[in-house]
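Labels below follow one simple rule: chain letters A, B, ... track the order of the sequence lines, proteins then strands, and each chain is numbered from 1. Side chains included, hydrogens not; waters and symmetry mates left out as well; all remaining heavy atoms used.
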Number of protein chains: 2
Amino acid sequence: MARVEGVTSIVDAIAMDLRRQLFRGELSTDEPLTEASVSEQYEVARPTAKAAIEKLVSEGLLVRGVHRSARVPVLDAADARDIYGTRADVESIVLRRLAARRTVPDEARRANAEIAALGEASALDVVDPDMRFHTSLVDAMASPRLSRAYSSLASEVRLCMAQVQGNSLLSTALIHAEHERLLALVEGGDADGAVSLLERHLARARERLVGVLGGTPGPEAAWSDDVSQLGGA
Amino acid sequence: MARVEGVTSIVDAIAMDLRRQLFRGELSTDEPLTEASVSEQYEVARPTAKAAIEKLVSEGLLVRGVHRSARVPVLDAADARDIYGTRADVESIVLRRLAARRTVPDEARRANAEIAALGEASALDVVDPDMRFHTSLVDAMASPRLSRAYSSLASEVRLCMAQVQGNSLLSTALIHAEHERLLALVEGGDADGAVSLLERHLARARERLVGVLGGTPGPEAAWSDDVSQLGGA
DNA sequence: CCGGTGTACTTGACTGACAAGAACACTTGT
DNA sequence: ACAAGTGTTCTTGTCAGTCAAGTACACCGG
């Protein structure tokens, strides 16, 4: 039996496929994602579809009220600011530690090489190696808790990217170049320089995002949902 | 109908009660927590018990392999170091921001007053207001993502405390005094001083924990579980 | 035009059942 | 006697069908 690594159950497989669709922007934020539709689409029983949906809800990739269908959350400018701000905080910590050690993970180099090889491709294609670059830096700290927290942030970043799909945020070449400089600064032990560059790097992406998301000024309806869902843990 | 706030479903209610038991150390780390036992204990169907267990697994409060019963994870010294290290990183960011604003949340004062009113009570009774103190500081940033990440950490801290139950880690009076000084430093805008005090504050608690946990050198069986469960998100 | 009622849709939860995987004890062969 | 393979049992994974409960929306009446 050929078995895809990491997928142990049907629920996991469905959750993974839904996640993939979410990140590619193939799921509309308008129409609700009902248990029945998922159940039908993957030809599984409703409890199985329910479990997959609840998994994504617990990851923050879907929102749902009681007795209400799950929906793809509509991220607004405030969300983008919060996500990127928290990202910057976490990654700053990481960069300082890595700069003190003067080491960068090989995976970061590989991921950035992929970005360079991509040329000026679609904006969504850059997201995958880009997030792998940043994630590999966090993982280099070998802190399961920090990696877990960052993983949650990374998911929301991808959700953001999916929702502004089509609007090329930044040039592939610029991203690659800044990553390269970032690695050089870390290897040189220049913590302040690395953090400073990172904050410019993220702030620019954030401002682009806020500009696009703010353009469609959806009211802060999603805010209360986020807060209520926060009390669960 | 009288309805407990926040509890919307049976699954939530059971998950909350299991969490309470976990934090009070009433669940043994040895015997597995099977779906059947939970189902029987709360007189609900097995799918309901299953959902509650999976909720706690997704929060990291229980661990489970495929086709294996859920277990209370045995935290070792490495876990305690990771949890407290990540805590220190996150809270340092928060303190710097709060110091810049020179404001502290009222909830922090209230929580610390409770600690003082506690006298030299049981170590476990201090945990609740203590975590409320620290959590209120993070929540003051009004960042849903940061609060969510910290909430996960706080849960694991409580799990730690439950597992070293009986070993009074620190004096109630000392905790209260340091919290009070922390608030004063933040209000005075002394970011470096506040961070420095916080790190001593957490490092002391951490070392006590590591001492107790390292004393019973349980093998690193829980490590691989933690890592594998990390890839899910 | 506004307010209340009723209906359809969706989820929450249960019962009962079978399949599949894992751990453990047991048996068998050397 | 010991090692390896086998089988049983426990637990979870998944399914089907069903009823209850809640929400949203449309419809009707004042």
Side-chain angles (χ1 to χ4, degrees), chain A residues 1-18 27-58 61-73 221 224-225 228-229 232, chain B residues 1-18 27-58 61-73 219 221-222 224-225 228-229 232:
Chain A
M1 281 292 195
R3 193 173 297 184
V4 182
E5 82 175 81
V7 176
T8 55
S9 68
I10 296 181
V11 172
D12 280 348
I14 295 178
M16 182 168 297
D17 197 68
L18 285 177
L27 259 45
S28 166
T29 62
D30 300 323
E31 55 206 51
L33 192 68
T34 67
E35 298 179 356
S37 69
V38 174
S39 155
E40 185 184 0
Q41 181 182 349
Y42 294 96
E43 295 180 340
V44 295
R46 192 162 66 95
T48 307
K50 179 192 188 69
I53 290 177
E54 277 174 351
K55 198 176 176 70
L56 295 191
V57 168
S58 80
L61 267 54
L62 293 176
V63 294
R64 164 152 78 163
V66 279
H67 281 286
R68 307 249 348 210
S69 303
R71 292 183 122 80
V72 181
S224 57
D225 279 8
S228 71
Q229 150 189 348
Chain B
M1 282 293 196
R3 193 173 296 181
V4 182
E5 82 174 81
V7 176
T8 55
S9 68
I10 297 182
V11 172
D12 280 347
I14 295 178
M16 182 169 298
D17 196 69
L18 285 177
L27 258 48
S28 165
T29 61
D30 300 324
E31 55 205 51
L33 191 67
T34 68
E35 298 179 357
S37 69
V38 173
S39 155
E40 184 184 0
Q41 181 182 348
Y42 293 95
E43 294 179 342
V44 294
R46 190 162 68 91
T48 308
K50 177 191 188 69
I53 289 177
E54 277 174 352
K55 197 175 175 69
L56 295 191
V57 168
S58 80
L61 268 54
L62 292 176
V63 294
R64 163 151 81 161
V66 279
H67 281 286
R68 308 253 339 191
S69 302
R71 293 181 120 80
V72 181
S224 58
D225 280 7
S228 71
Q229 151 189 348

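In this structure, of C:dG12, D:dA24, C:dT15, it is C:dT15 that holds the atom nearest to the side chain of B:P47. Of all nucleotides listed (C:dA13, C:dA20, C:dT11), C:dT11 comes nearest to the side chain of A:H67.
A distance-only check finds no donor-acceptor pair linking the side chain of B:R71 to the backbone of B:L33 [under 3.5 Å].
Under the side-chain contact (heavy atoms from CB on, under 4.5 Å) criterion, B:A36 pairs with B:T34, not counting sequence neighbours. A:S39 meets the side chain to side chain donor-acceptor pair (under 3.5 Å) test with no other residue; sequence neighbours excluded. Scanning for side chain to side chain donor-acceptor pair (under 3.5 Å) contacts around A:T29 gives an empty result, with sequence neighbours left out. Take B:R68 and apply the side chain to side chain donor-acceptor pair (under 3.5 Å) test, not counting sequence neighbours, and it matches no residue. Contacts of B:E35 classified as side chain to side chain donor-acceptor pair (under 3.5 Å), with partners at least two apart in sequence or in another chain: B:R46, B:K50, B:R64.
Put simply, CZ on A:R64 is 16 Å from P on D:dG22, counting in whole angstrom units. Rounded to an integer number of Å, the gap from A:E31 CD to C:dC9 C1' is 16 Å. One atom, CG of A:L33, and another, P of C:dC9, lie 19 Å apart when rounded to the nearest Å. Atom P of nucleotide C:dG12 and atom CD1 of B:I14 are separated by 14 Å, given to the nearest angstrom. Per the geometry, CD1 belonging to A:I10 stands 18 Å off P belonging to D:dT12, to the nearest Å. Taking atom CG on A:D12 and atom P on D:dG13, their separation rounds to 10 Å, with Å as the unit.
The phosphate of D:dT12 (OP1 or OP2) has no side-chain N or O of B:K50 nearer than 4.0 angstrom. For the OP1/OP2 pair of C:dT10 and a distance below 4.0 Å, the side-chain nitrogens and oxygens of A:R68 include no atom meeting the criterion.
A heavy-atom distance below 4.0 Å to DNA chain C is reached by these residues of residues 34-46 of chain B, ordered by number: B:V44, B:A45, B:R46.
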